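What follows is a short report on a single structure.
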Amino acid sequence: LVRLRARLARSQNSLGKGLLTLLSREHLDEDTWEEIEETLLIADVGVVPTQELVERLRERVKVLGTRTPADLRALLKEELLTLVGTDLDRVVKTESGEDTPGVIMVVGVNGTGKTTTTGKLARVLVADGRSVVLGAADTFRAAAADQLQTWGERVGARTVRGPEGGDPASIAYDAVKEGIAEGADVVLIDTAGRLHTKTGLMDELGKVKRVVEKHGPLDEILLVLDATTGQNGLTQARVFAEVVDITGIVLTKLDGTAKGGIVVAVQRELGVPVKLVGLGEGADDLAPFEPEAFVDALIG
Ligand code: GDP
């Protein structure tokens, strides 16, 4: 966890120090507030959350007796935590019925890290003593099924796959059927994320969801978002949120050039909690999203 925090901190220290320096200025004039606003926007916090935060900071700084670095840090932490949300349910659900496995569908634009996230999640579950079946329903990207199967072999999970270009829904159906037959605990379904037509995407993901639900309820639909794509990623996320009922967000590539403020923006925009974060390409680089650790890293 310390290692993960260190990585998170490295990618995100653009926000806190700058803000604290600005808030420490002797005269907090309009120019300074504008700079504060800019700093937040550059950190990908998003327009509406930025405005809210600046308003809150303005009010609170006014009534703050002293403005020591510690006071300002505490205040900033509190307000950021409020924005990120401390009481959201961030547990990835994996339990359905007695005889049916928990089923998680993983969706998102190609390249965001869907397959990798599915593999990492399988590893976490297997390490936790759960048996996992993987469904390679991303039949659009040729290498996706191989990639998923490699993950499966590595972590000890069977992969159900179909012919190249096959019907994603039928693969998803078969994967859950296999999961039931094997008495597996969890079935993870990787899906394709081509975005060229919204109706195409809607049809495909809707169908996958419907056939999976023939076996029993879906526990989660996790949307994978590449944090380095910032506000563009948010636009894509919106499309997915219109197509399926997202229950949680996985923000990947937070170890890279991503700006941490995107967490705030994406949650606010979609009204869905960030549940997991991707912090690298390795098998162990998936972590639960912890608001407090995150905000600490964000402030630096
Ligand atoms: P998909 O098309 O959405 O299934 O994307 P992939 O799972 O194939 O991932 C695309 C690329 O992103 C691969 O090179 C992954 O190794 C990389 N990737 C995925 N998650 C992370 C992450 O959290 N951090 C970093 N640095 N790279 C990641």
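Only heavy atoms go into these numbers, but all of them, side chains included; no hydrogens, no water, no symmetry mates. From a predicted model like this one, the values you see are computed outputs, not experimental measurements. All ligand and atom numbering here is 1-based and tracks the order in the structure.
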Please work out which of Val106, Asp138, Thr116, Thr112 has its closest non-hydrogen atom nearest to atom 15 (C) of ligand 1.
Thr116

One finds that the ligand 1 atoms under 4.0 Å from a non-hydrogen atom of Thr115 are 1 (P), 4 (O), 7 (O)

Answer yes if the side chains of Asp226 and Thr252 hold a donor-acceptor pair under 3.5 Å, and no otherwise.
no

Per-atom filter on ligand 1: closer than 4.0 angstrom to a heavy atom of Gly278 are 23 (O)

Nearest protein heavy-atom contact for atom 26 (N) of ligand 1: which residue, which atom, what distance?
Asp255 OD2, 2.8 Å

Might you work through the side chain to side chain donor-acceptor pair (under 3.5 Å) test for Arg130 and Thr94, ending with a clear yes or no?
CA-CA 10 Å; Arg130 251 88 65 85; Thr94 51; 2.9 Å; yes

Glu204 with Lys209: basic N within carboxylate O range, under 4.0 Å
no

Does Gly280 come within less than 4.0 Å of ligand 1, judged by its heavy atoms?
yes

closest protein heavy atom to atom 5 (O) of ligand 1 is Gly113 N, 3.1 Å

Is there side-chain contact between Thr159 and Trp151, with at least one heavy-atom pair below 4.5 Å?
no

Nearest non-hydrogen protein atom to atom 11 (C) of ligand 1, with distance, is Lys253 NZ, 4.1 Å

With respect to Thr252, determine whether any N or O atom, backbone or side chain, lies less than 3.5 Å from an N or O atom of ligand 1.
no

Determine, using heavy atoms of Gly111 and all atoms of ligand 1, whether some pair is separated by less than 4.0 Å.
yes

Side chains of Asn232 and Thr229: any donor to acceptor distance under 3.5 Å?
no

Suppose we measure from atom 16 (O) of ligand 1 to each protein heavy atom; which comes out shortest, and what is that distance?
Glu281 OE1, 2.5 Å

Flag the pair Asp138 and Lys114 as a salt bridge only when some basic side-chain nitrogen lies within less than 4.0 angstrom of an acidic carboxylate oxygen.
yes

Tell me whether Asp284 is salt-bridged to Arg123, with the criterion being a basic N under 4.0 Å from an acidic carboxylate O.
yes

Determine whether any heavy atom of Leu279 lies closer than 4.0 Å to an atom of ligand 1.
yes

Check for me whether Val224 has a heavy atom closer than 4.0 Å to any atom of ligand 1.
no

Evaluate Asp190 for polar contact with ligand 1, using N/O atom pairs at a separation under 3.5 Å.
no

With a 4.0 Å cut-off on N to O distance, would you call Arg56 and Glu52 a salt bridge?
no

Using a plain distance cutoff, I'd like to know if Leu254 has any nitrogen or oxygen under 3.5 Å from a nitrogen or oxygen of ligand 1.
no

Should you measure from each heavy atom of Val109, which atoms of ligand 1 turn up under 4.0 Å away?
3 (O)

Using only heavy-atom distances, determine whether the side chains of Glu220 and Thr247 contain a donor-acceptor pair under 3.5 Å.
yes

Just jot down the side chain to side chain donor-acceptor pair (under 3.5 Å) partners of Glu269, sequence neighbours excluded, or say none.
Arg238

As an exercise, identify every atom of ligand 1 less than 4.0 angstrom from a heavy atom of Arg141.
1 (P), 2 (O), 4 (O), 8 (O)

If hydrogens are left out, which of Gln147, Lys120, Lys114 has an atom nearest to atom 8 (O) of ligand 1, that is, the closest non-hydrogen atom?
Gln147

Keeping to residues at least two apart or across chains, list the salt bridge (Lys or Arg N to Asp or Glu O under 4.0 Å) pairs with something in residues 85-94.
Asp89-Lys93

